[in-house]
Q: 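Quick one: this structure, given as structure tokens, is what I'll be asking you about.
Both ligands and their constituent atoms are indexed starting at 1 by order of listing. Computation of the quantities below employed the complete heavy-atom set of this structure, encompassing side-chain atoms and omitting hydrogens, waters and symmetry-equivalent molecules. In this chain, residues are counted from 1 in sequence order.
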Amino acid sequence: MTILDTFKTTNYSKINNKGSLTFSAPSNIALVKYWGKKENQIPANPSLSFTLNNCKTVTTLQYEPKNDKNISFDLLFEGQPKESFRPKIQKYFERIQDLCPYILDYHFTIDTKNTFPHSSGIASSASGMAALSANIIALEKLVNPNETEDYYLQKASLLARLGSGSACRSIKGNIVVWGETESIENSSDLFGVEFPYEVNAIFENYQDTILLVDKGEKQVSSTVGHELMHNHPFAERRFQQAHENIAKLKEILKSGSLTEFIALVESEALTLHSMMMTSMPYFILMKPNTLEIINQIWKFRETTNIPVCFTLDAGANVHVLYPNNYKEEVQNFIADELAKYCQNNQFIHDEMGFGVESLS
Ligand code: DP6
């Protein structure tokens, strides 16, 4: 029996009445980046992220018992039908049906909304897949209440991963590691685990302001980007580097050395984009204003000694990271000097959060 087999639900009852569940799940920002994957959403390298607090998806799952054994669901976004989400959700249900055969007993109505403005162009797959998976596991608890809380949490993260890799880091904890790596005990390729070591108080309530540089459709999706790490000339060394960086970050999180933190986090962001630029075909997701912002952050840090740094996800937007005790200075700097590089001057202040919440 493999570990995966232990997550297959075999004994369960059927609920005969319809019902409804609601969960919120936050987005997360990776400091060590997941870029490259194997079959079945297994990451090519480990990643580590800070969970966010304000950028959330709220999903209500209505379930209604039925007699056939097909996948069946309706999708709503803010109460209105949203067919464009269907292929992704269909694929998600197909991937989880062996682990969660009870889903075939119900017709679902999935209603989802985001707390961040839809005009922001922020990808919501991490928060969206985490919120849906939290609902599925809440349903599982109703049909099979006999497992431990740890089991349900791990399985929620496992299901989220099958929806979108980074989503598995949005279930529980403020710092989450996904991907088996020697320096983190109990780390797994199957689900995210809470960072299990001492963390310096400087990282409490760490701030992340997301600068919305470009809200347009990305020219290359993450899915295609991950794909291009196959046969990439630098892939093996990069995957190894991610293991090394997690081991280093473990020490930095303990010591609280922000100089080392900044160097590692910014280097990870630029490495991610270097991988994109050295793929075949190659591509660039940063925009001129992404670079303007990076240069402004470097100048500000040099002149003020305030330990602010940036990271990037798979797009042009910039995440500005800084300790809570510099909130005022950095937020003034963002409003005065960085907002002008954002589309419609838009940015979102966020901070460290703790994962999914039941709103039922
Ligand atoms: C650059 O999790 O969006 O944000 O598994 O194909 O859904 P899929 O990819 P996704 O990739 C995220 C990549 C990243 C880095 C990260 O979050 O670790």
Side-chain angles (χ1 to χ4, degrees), residues 25-52 55 57 85 87-92 95-96 121-133 157-171 175-179 181 184 187 189-193 195 208 210 214 217-230 232 235 238-239 241-243 245-246 249 264-277 279 283-286 290 310-319 321 350:
S27 188
N28 68 73
I29 180 67
L31 305 180
V32 176
K33 310 288 182 180
Y34 149 55
W35 199 243
K37 60 175 149 180
K38 308 177 198 167
E39 281 280 283
N40 301 323
Q41 295 283 99
I42 297 298
N45 67 259
S47 55
L48 182 150
S49 55
F50 281 178
T51 306
L52 296 181
C55 289
T57 298
F85 289 171
K88 194 153 189 173
I89 304 296
Q90 175 71 31
K91 197 160 167 189
Y92 168 79
R95 283 180 179 161
I96 72 164
I122 304 191
S124 53
S125 72
S127 54
M129 287 300 175
L132 180 54
S133 301
S157 176
L158 190 157
L159 299 183
R161 172 181 62 84
L162 294 173
S164 177
S166 54
C168 79
R169 300 187 310 239
S170 279
I171 299 290
I175 305 177
V176 179
V177 178
W178 168 41
T181 188
I184 310 288
S187 53
D189 285 347
L190 299 180
F191 45 78
V193 297
F195 179 76
D208 177 3
I210 306 157
D214 188 68
E217 185 76 8
K218 272 188 282 184
Q219 133 216 16
V220 177
S221 71
S222 289
T223 312
V224 173
H226 285 293
E227 215 29 59
L228 293 173
M229 287 302 278
H230 293 293
H232 188 293
R238 158 60 197 157
F239 298 151
Q241 179 196 44
H243 288 271
N245 279 348
I246 289 198
L249 192 50
L264 189 144
V265 167
E266 292 190 344
S267 157
E268 268 289 323
L270 295 180
T271 300
L272 168 71
H273 284 258
S274 312
M275 290 298 118
M276 299 173 186
M277 290 191 260
S279 294
F283 59 105
I284 302 180
L285 295 184
M286 292 183 288
T290 310
F310 71 87
T311 188
L312 306 167
D313 53 21
N317 296 337
V318 180
H319 287 247
L321 300 173
D350 209 331

Q: Any atoms of ligand 1 less than 4.0 Å from a non-hydrogen atom of Ala30? List them with their elements.
A: 16 (C), 17 (O), 18 (O)
Q: Could you tell me whether Ile284 atom CD1 has more than 12 heavy atoms of other residues or ligands within 6.0 Å of it?
A: no
Q: What verdict does the side-chain contact (heavy atoms from CB on, under 4.5 Å) test give for Val220 and Met276, after you've listed the backbone C-alpha separation in whole Å, the side-chain angles of each residue and the deciding distance to 0.1 Å?
A: CA-CA 10 Å; Val220 177; Met276 299 173 186; over 6 Å; no
Q: As an exercise, identify every atom of ligand 1 less than 4.0 angstrom from a heavy atom of Lys37.
A: 5 (O), 6 (O), 8 (P)
Q: Do Tyr92 and Ser133 have a side chain donor and acceptor closer than 3.5 Å?
A: yes
Q: Tell me the protein heavy atom at minimum distance from atom 14 (C) of ligand 1, and give that distance in Å.
A: Tyr34 O, 3.9 Å
Q: Take Leu264 and Val32, measure what side-chain contact (heavy atoms from CB on, under 4.5 Å) needs, and give me the verdict at the end.
A: CA-CA 8 Å; Leu264 189 144; Val32 176; 4.2 Å; yes
Q: Can you tell me the protein heavy atom closest to atom 4 (O) of ligand 1 and the distance?
A: Asp313 CB, 4.1 Å
Q: For ligand 1, which part of Leu272 has a heavy atom less than 4.0 Å away: the side chain, the backbone, both, or neither?
A: side chain
Q: Strictly by modelled atom types, are Thr311 and His319 linked by a side-chain donor-acceptor pair under 3.5 Å?
A: no
Q: Does the side chain of Lys88 pick up a donor-acceptor pair with the side chain of Ser164 at under 3.5 Å?
A: no
Q: For Leu321 and Leu31, what are the C-alpha separation, side-chain angles and deciding distance, and is it a side-chain contact (heavy atoms from CB on, under 4.5 Å)?
A: CA-CA 10 Å; Leu321 300 173; Leu31 305 180; 3.7 Å; yes
Q: Do His226 and ligand 1 have an N or O pair less than 3.5 Å apart?
A: yes
Q: Need the ligand 1 atom indices (1-based, order shown) with element for anything under 4.0 Å from a heavy-atom of Gly165.
A: 2 (O), 5 (O), 7 (O), 8 (P)
Q: Side chains of Phe50 and Ile175: closer than 4.5 Å at any heavy-atom pair?
A: yes
Q: Just heavy atoms, cut-off under 4.0 Å: does Ser166 contact ligand 1 by side chain, backbone, both, or neither?
A: both
Q: If you measure every N or O of Trp35 against every N or O of ligand 1, does any of those distances drop under 3.5 Å?
A: no
Q: Ligand 1 and Ala314, any nitrogen or oxygen pair closer than 3.5 angstrom?
A: no
Q: Given Lys33, His273, Arg169, which one has a non-hydrogen atom that is nearest to atom 16 (C) of ligand 1?
A: Arg169
Q: Are any of the N or O atoms of Ser164 closer than 3.5 Å to those of ligand 1?
A: yes
